[in-house]
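Some notes on the structure that comes next.
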Amino acid sequence: FENASSLTSVGERAFSGDNLAQFTNEGSIDGVLDLSNVTKMGEYAFYYCSRLTSVTLGGNITAVEGGVETAKKIPQYAFAATGLTGITIPEGTEHIGDNAFADCSLNEMSELVLPEGLQTVGSYAFYQNLASPNTTLQSLTIPSTVKTIGDYAFYNYQELATVTINASAKNGFTKPGASAFGDAAHNAYSTIGDITDAVGEVY
């Protein structure tokens, strides 16, 4: 792309594998991509675009997953296994799909603050492979509007020292999924045991 900012729609698996870039390291999508005007995006849209290092997203994406459309969602596997070194989830986003940013190094981030209005973080959304842990992210903030955090959503961020969850059961927040913040203390969190939320409720 010379200028991707004019794109408004990216289909399912549109650039998945990017010309087998995972094998050749010669993908055509290289460096920075401005997707701020994209309002519809399919699942696996940029999956395995290994040389894509930065992306700008708008907050009004309709995800297309198996032909089903969901408003204000980053679709599943949309950027999984890309070369992203960081990500800002835009305001207006309500859902982050399963594996949306899985196996992206995100190794230039020390802090991730998810925006108010976000409701769901899918399973494995920011998952890091056991062989390639993230060692830079130290702080994570979950907004008050989040209701669910899926299994292994933030797995294997080995230097993650602070997780602030501003959501509460009173607002519909449910217990984080299994190992949502693992692999640590052991394993944060499992599906057993109690959690105290932002307003002191135990569940």
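These numbers were taken from a predicted model, which means no experiment stands behind them.
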**Message:** Going by ring pair (Phe, Tyr, Trp, His ring centres under 6.0 Å), name the pairs with one or both residues in residues 83-115, residues two or more places apart or in two chains.
**Reply:** F79-F101, F101-F126
**Asked** Considering residues at least two apart in sequence or located in another chain, which fulfil the side-chain contact (heavy atoms from CB on, under 4.5 Å) criterion with S54?
**Response** V32
**Asked** Any idea which heavy atoms bring E12 and G42 closest together, and the distance?
**Response** CG-CA, 3.5 Å
**Request:** Evaluate the side-chain proximity of F154 to L112: yes if any heavy-atom separation is below 4.5 Å, no if none is.
**Result:** yes
**Message:** Side-chain heavy atoms nearer than 4.5 Å, only ILVMFWY residues, links allowed to pass through others: does that put V64 and V55 together?
**Reply:** no
**Asked** What residues form a salt bridge (Lys or Arg N to Asp or Glu O under 4.0 Å) with E111, not counting sequence neighbours?
**Response** none
**Message:** Less than 4.5 Å apart, side chain to side chain, heavy atoms only: is that true for F15 and L52?
**Reply:** no
**Item:** From CA spacing to verdict: side chain to side chain contact (heavy atoms under 4.5 Å, CB included), Y157, Q128
**Value:** CA-CA 7 Å; Y157 288 79; Q128 296 286 312; 3.3 Å; yes
**Item:** side-chain contact (heavy atoms from CB on, under 4.5 Å) partners for T56, two or more places apart
**Value:** D34, S36
**Message:** Under the ring pair (Phe, Tyr, Trp, His ring centres under 6.0 Å) definition, can you give me all pairs with a residue in residues 52-75, not counting sequence neighbours?
**Reply:** none
**Request:** Examine the side chains of Y77 and N99 and answer whether a donor and an acceptor come within less than 3.5 Å of each other.
**Result:** yes
**Under 3.5 Å: donor-acceptor pair, side chain of D151, backbone of A178** = yes
Side-chain polar contacts of residues 137-144 - donor-acceptor pairs under 3.5 angstrom, sequence neighbours left out - could you list them?
from	atom 1	to	atom 2	distance (Å)
S144	OG	E116	OE1	2.8

**Request:** Could you tell me whether the side chain of N156 reaches within less than 4.5 Å of the side chain of Y127, counting heavy atoms only?
**Result:** no
**Request:** Name all residues meeting the salt bridge (Lys or Arg N to Asp or Glu O under 4.0 Å) criterion together with E65; count only those two or more places apart in sequence or in a different chain, and write none if there are none.
**Result:** K73
**Asked** With E108, which residues qualify under side-chain contact (heavy atoms from CB on, under 4.5 Å), at least two apart?
**Response** T85
**Prompt:** Picking from L57, T8, I61, what satisfies side chain to side chain contact (heavy atoms under 4.5 Å, CB included) with L35?
**Reply:** L57
**Message:** If hydrophobic clusters are built from ILVMFWY residues whose side chains come within less than 4.5 Å, do V68 and M41 share one?
**Reply:** no
**Asked** Got a sec, which pairs hit salt bridge (Lys or Arg N to Asp or Glu O under 4.0 Å) with one end in residues 40-50, sequence neighbours left out?
**Response** K40-E69
**Asked** For K72, what residues pass the side-chain contact (heavy atoms from CB on, under 4.5 Å) criterion, not counting sequence neighbours?
**Response** N60, E94
**Request:** Show your working on side chain to side chain contact (heavy atoms under 4.5 Å, CB included) between I87 and L106 and close with a plain yes or no.
**Result:** CA-CA 7 Å; I87 187 64; L106 305 179; 4.0 Å; yes
**Prompt:** Are any non-hydrogen side-chain atoms of I89 and I74 less than 4.5 angstrom apart?
**Reply:** yes
**Item:** Any donor-acceptor N/O pair, T93 side chain to P90 backbone, under 3.5 Å
**Value:** yes
**Prompt:** According to the ring pair (Phe, Tyr, Trp, His ring centres under 6.0 Å) rule, which pairs have a member within residues 51-75, sequence neighbours left out?
**Reply:** none
**Item:** Min side-chain heavy-atom separation F173-S168 under 4.5 Å
**Value:** no
**Complete:** Residue pairs passing the salt bridge (Lys or Arg N to Asp or Glu O under 4.0 Å) test with at least one member in residues 159-169, sequence neighbours excluded, are none
